[in-house]
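Heads up, the thing below is written out as structure tokens.
Note that this is a predicted model, so its numbers are computed, not measured. Atoms within each ligand, like the ligands themselves, are counted from 1 in listed order.
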Amino acid sequence: MILTLTPNPSLDRTVSLPGPLQRGTVQRLTGVVMEPGGKGVNVARVLSNSGRAATAVLPAAEHDPILAALGALELPGLTVHPVLVTGAARINTAVTEPDGTTTKLNELGAGLSEQEIAAVEHALLETLATTPLPVGTLPHHWAVLSGSLPPGVPTNWYARLVGLLREAAPGLRIAVDTSDEPLAALAAELPDSAPDLIKPNGEELGQLAGLPADRAMALEEGAVEGNYGPVVDAARLLVGLGIGAVMVTLGPAGAVLVTADGAWHATAPEVPVVSTVGAGDSSVAGYILADVNGGDEAERLSTAMAYGSAAASLPGTTLPTPADLPEHPSVVTRLS
Ligand SMILES: O=P(O)(O)OC[C@@]1(O)O[C@H](CO)[C@@H](O)[C@@H]1O
């Protein structure tokens, strides 16, 4: 079973420009696409695109347009488990330029009340309770907690959920993909809050590892020049605090995966970049797909890169199917 939670889902409106964005002018759009999104929703969509059953838990209002949009996708493997709340999903806007530059303008989202937060927690645990999880056997079961937290939700909610999920389902693998305060709050409660997978970028990794801002920024710059040592050291600190796998996305420099068993680098497959929206979510889905198929670290990393690059080559929040994967996969090298 693969379960995703998206506390702050969105309808993603992607508008395409004929040329570079010119601030302060009127520009005519060449295209507008609207798709159901939010990070956990995207992960579940990629998994079901690839033939894996996935359940997406998300708060949604009565007659919420996101539910109709998800239904219209007609994905056979996707089960949507909405938790009834007052506020409808936000609308997030992405502006894409012909060179692939993507600017995201994300709303804060409708707030959740204490009762609504409790209802989402209940839905998550109930979904788990209705699926028995064999421990230590393939395929692995995953819960993916993804995206920002809407107003009203305590910043340490993901940390709390990791604890609740571990208690409810020993053996379940947990991925947390978030940023800013919720990510810092997760780090503050390690090792109790330790997930099996996180996917920071270079700067986030530096912040998590407690590096000063200039050294955190320098991690990604160093990686572009082929210097992965500082990235591996910072990720190792987090693995030492109980996180199973740290997959660091480094843009054009590819990605580094660090686990207790070693460190690997994967190059970024060469694809024409159209819209990077959903690329990170697709890489999380790729990692999980390889994991449930019994893949080792190198396969998990290269599958993550393949799905992430495929997403970047597609418009808006269009998410990849196996047919969209790049012809030439990443080159994976063991670093240590
Ligand atoms: O505001 P958040 O929750 O951090 O991110 C939301 C979002 O930008 O993430 C997805 C792409 O990763 C989009 O579908 C969605 O609009």
Side-chain angles (χ1 to χ4, degrees), residues 4-15 32-49 54 56-60 64-67 69-70 73 75 78 80 85 87-96 100-112 120 144-153 155 157-158 161 175-186 197-201 203-204 207 247 249 251 255 273-288 304 307-320:
T4 73
L5 170 67
T6 313
N8 205 2
S10 55
L11 275 171
D12 287 350
R13 185 169 193 267
T14 306
V15 300
V32 178
V33 186
M34 192 82 141
E35 291 201 64
K39 296 193 192 307
V41 167
N42 295 343
V43 172
R45 283 180 56 191
V46 177
L47 291 166
S48 56
N49 277 351
V57 176
L58 65 152
D64 197 320
I66 194 172
L67 298 179
L70 280 166
L73 293 174
L75 289 173
L78 179 67
V80 178
V85 295
R90 60 194 163 146
I91 295 180
N92 287 345
T93 304
V95 182
T96 57
T101 304
T102 307
T103 307
K104 286 277 285 155
L105 305 166
N106 287 6
E107 293 184 13
L108 283 182
L112 294 182
V120 175
V144 183
L145 314 177
S146 273
S148 58
L149 296 175
V153 178
T155 50
W157 196 41
Y158 282 138
L161 288 178
V176 180
D177 184 20
T178 188
S179 55
D180 306 311
E181 285 94 353
L183 185 60
L186 188 84
L197 172 67
I198 60 169
K199 184 201 64 62
N201 60 28
E203 194 183 341
E204 287 163 349
Q207 288 163 359
M247 180 165 66
T249 52
V273 176
V274 178
S275 159
T276 53
V277 183
D281 311 327
S282 299
S283 65
V284 170
Y287 183 98
I288 291 175
Y307 275 84
S309 330
S313 71
L314 297 167
T317 314
T318 308
L319 296 166

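Within a 6.0 Å radius of CD in E107, other residues, nucleotides and ligands contribute more than 12 heavy atoms.
From I91, atom CD1 reaches atom CG of N106 across 12.0 Å, with rounding to the nearest 0.5 Å. The structure places CG of L58 at 6.0 Å from CG of L67, a figure rounded to the nearest 0.5 Å. In this structure, NZ on K199 lies 7.0 Å from CG on D281, to the nearest 0.5 angstrom. Within the model, atoms CG of L11 and OG1 of T317 stand 10.0 Å from one another, a figure rounded to the nearest 0.5 Å.
Protein heavy atom nearest atom 12 (O) of ligand 1, with residue, atom name and distance: D281 OD2, 2.7 Å. For atom 13 (C) of ligand 1, the closest heavy atom belonging to the protein is D12 OD2, 3.1 Å. Scanning the protein for heavy atoms near atom 9 (O) of ligand 1, the closest one is K39 NZ, 3.0 Å.
Counting only non-hydrogen atoms, the option in K104, R45, R90 that gets closest to atom 1 (O) of ligand 1 is R90. Nearest-heavy-atom check against atom 2 (P) of ligand 1 across S148, P7, P36 picks out S148.
In plain terms, the two heavy atoms of T318 and E35 that are nearest each other are N-OE2, 3.1 Å. Heavy atoms only, all atoms of each residue included: M247 and S283 are closest at CE-O, 4.1 Å.
The shortest heavy-atom distance from S10 to ligand 1 is under 4.0 Å.
For ligand 1, the atoms sitting less than 4.0 Å from at least one non-hydrogen atom of G37 are 14 (O), numbered in the order shown with element in parentheses. Remark: ligand 1 atoms within the under-4.0 Å shell around heavy atoms of N42 are 10 (C), 11 (C), 13 (C), 14 (O). The ligand atoms of ligand 1 that sit less than 4.0 angstrom from a heavy atom of N92 are 6 (C), 15 (C), 16 (O). Atoms of ligand 1 lying under 4.0 Å from at least one heavy atom of G147, given by number and element, are 3 (O).
The shortest N/O to N/O separation between G38 and ligand 1 falls below 3.5 Å. When only interatomic distances are considered, the shortest N/O to N/O separation between N106 and ligand 1 falls below 3.5 Å.
Checked against S148 for a side chain to side chain donor-acceptor pair (under 3.5 Å), the options D180, T6, N8, T178 give a single hit: N8.
Looking at V41 against ligand 1, nothing comes within 4.0 Å, counting heavy atoms.
Counting only distance, with no hydrogens or angles, the side chain of S10 and the backbone of G38 share a donor-acceptor pair below 3.5 Å.
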